[in-house]
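Quick note on labels: first sequence line is chain A, next is B, and so on, each numbered from 1.
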Protein chains: 2
Amino acid sequence: MSDIAERERTLASRLRLAVVRLNRRLRAQSSGSNITLSQLSALSCLHKAGALTPGELAAREGVQPPSMTRVIAALEDAGLVARRAHPTDGRQAIVEVTDAGRTRIEEEVSARERWLDQQLVDLTEEERAVLFQAAEIIDRLASR
Amino acid sequence: MSDIAERERTLASRLRLAVVRLNRRLRAQSSGSNITLSQLSALSCLHKAGALTPGELAAREGVQPPSMTRVIAALEDAGLVARRAHPTDGRQAIVEVTDAGRTRIEEEVSARERWLDQQLVDLTEEERAVLFQAAEIIDRLASR
DNA sequence: TATTGTTATACTCTATAACTATA
DNA sequence: TATAGTTATAGAGTATAACAATA
C-alpha cells in the first residue's frame, strides 16, 4: 500500500470514529426534549426550502421515503408542519412548516445545540474555522 | 444575538447536520457485511488497546455498560473476541481480540470504508488536510 | 455497602417489501 | 404500467432500571 493510500485509510478510520462518536453525543441530547434529532433536521430542511413533497424531503435528507413518512407524521401530530394537496398531481402532497413550527425551530435548535455550542465556544478561532470548512466538505460527501 | 454567537449557532447547526448525514451513510454501508459499525468500532478499540474490561471498553467508546454488553456478546458469538478471568477481581472480565478477530479487522475496515475512501480520494489535498484536523477536534469534543 | 456486569425493557432511526391511489 | 406515498415488519443502536455476584 502506498503512503498516500495508507494516509487515506487512516483518515477514513479517524473520520469514521469521530463522526460516530459525535453523532452519539448529539442524539443523547434528545433526552427530555420535545422532538427528536431526525425530526429537527427535517423541520430545519423544510424551513430553509419553504415547502417540499415528502419525496423531495426524503431525497434531501438522504433517507428512504418510508423513513420520512414517519418523521413527517410525528411533526404533523405535533402541529409543526401541515400538508396540503399538490396543485396538479393527486399522488403527491406539499408539506410546509406551520407558524408553531417556525417558533419551535428557534427554541429547539438553541436548546438542542446548547451542549455543542458550549464545546465550540471552548475552541480556538482557528479550530472553529477548521470545523466550518469540514462541515461543508462532509456535507458534500454525504450528499453524493 | 452578537455576530460571534450567531456564527457559532450556524456552525453548530451545520456541523450537526453534516455529522448526522455522514453517520447515516456510514451505517448504511453495513448492509450485506458481517459485523455492524458499532461492533467494528469496539473491535478496533480492543485491537489498539490490547485487552480491556467491559467497563473500560464502554468508557472508551462513550456508551453505557449495557450497550457494550450486547456488542461484546455479538463479537464473542462470532469468535472475534474472547473473555478470560480477571486475575484479582472476580467481578471483572478481560476481553481481548482473537486471531480470527485480528484477521477480520483488516478485511472489514477496508471493506466498510471503501465508500468513504473513494469519497476522500476525490477531494483535494487541502480538503483532506481540513478533514484530518477536524477529525481530531471532533474526537476531542465528543470525548468530553 | 459499593462496584462490575448482565438482564429486562423500551424507544429512536432506518431499511426493504408489499400495498394503495393516482398518472 | 409507472410513480408517490403509506403500512407492515424487522434489525441496529442505545438508554434506564432492576438484578446478581463479588469486593
Hey, does the side chain of [X] come within less than 4.0 Å of [N]'s phosphate (OP1/OP2), counting only N and O?
| X | N | answer |
| --- | --- | --- |
| B:S67 | D:dG13 | no |
| A:R27 | C:dT12 | no |
| A:T36 | C:dC13 | yes |

Is there a side-chain contact between [X] and [Y] (heavy atoms, below 4.5 Å)?
| X | Y | result |
| --- | --- | --- |
| A:R16 | B:L37 | yes |
| A:V95 | A:T53 | no |
| A:L141 | B:L120 | yes |
| A:L22 | A:L26 | yes |

Expressed as a whole number of angstroms, how long is the span from [X]:[atom1] to [N]:[atom2]?
| X | N | atom1 | atom2 | answer |
| --- | --- | --- | --- | --- |
| A:L26 | D:dG13 | CG | P | 18 Å |
| B:D89 | D:dA20 | CG | P | 19 Å |
| B:L75 | D:dA12 | CG | C1' | 14 Å |
| A:N23 | C:dT12 | CG | P | 16 Å |
| A:L57 | D:dT6 | CG | P | 11 Å |
| B:I94 | C:dT4 | CD1 | C1' | 12 Å |
| A:L37 | D:dG13 | CG | C1' | 14 Å |
| B:I35 | D:dG11 | CD1 | P | 19 Å |

Nucleotide N/O to protein N/O under 3.5 Å, stretch nucleotides 5-11 of chain C:
residue: C:dG5; atom: OP2; partner: B:G55; partner atom: N; Å: 3.0
residue: C:dT6; atom: OP1; partner: B:R83; partner atom: NH1; Å: 2.8
residue: C:dT6; atom: OP1; partner: B:R83; partner atom: NH2; Å: 3.4
residue: C:dT6; atom: OP2; partner: B:T69; partner atom: OG1; Å: 2.8

> Across the strands shown, which category fits B:T88 at heavy-atom distances under 4.0 angstrom: base, sugar-phosphate, nothing?
Replying inline: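 Sugar-phosphate contact only.
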> Among C:dT12, C:dA15, D:dA12, which nucleotide sits nearest the side chain of A:Q64?
Replying inline: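 The closest nucleotide is C:dA15.
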> In terms of side-chain heavy atoms of B:S38, which of C:dC13, D:dA23, D:dT14 is nearest?
Replying inline: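 Minimum distance to the B:S38 side chain belongs to D:dT14.
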> Got a sec, which residues hit side-chain hydrogen bond (donor to acceptor under 3.5 Å, both in side chains) with A:R24, two or more places apart in sequence or on another chain?
Replying inline: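 Residues passing side-chain hydrogen bond (donor to acceptor under 3.5 Å, both in side chains) with A:R24: none at all.
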> When rounded to the nearest 0.5 angstrom, what is the spacing between CZ in A:R104 and CD1 in A:I35?
Replying inline: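 Answer for the CZ-CD1 pair, A:R104 versus A:I35, is 6.0 Å.
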>> Rounded at 0.5 Å granularity, tell me how far CG in B:L15 sits from CZ in A:R128.
In response: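 Here the rounded value is 12.5 Å.
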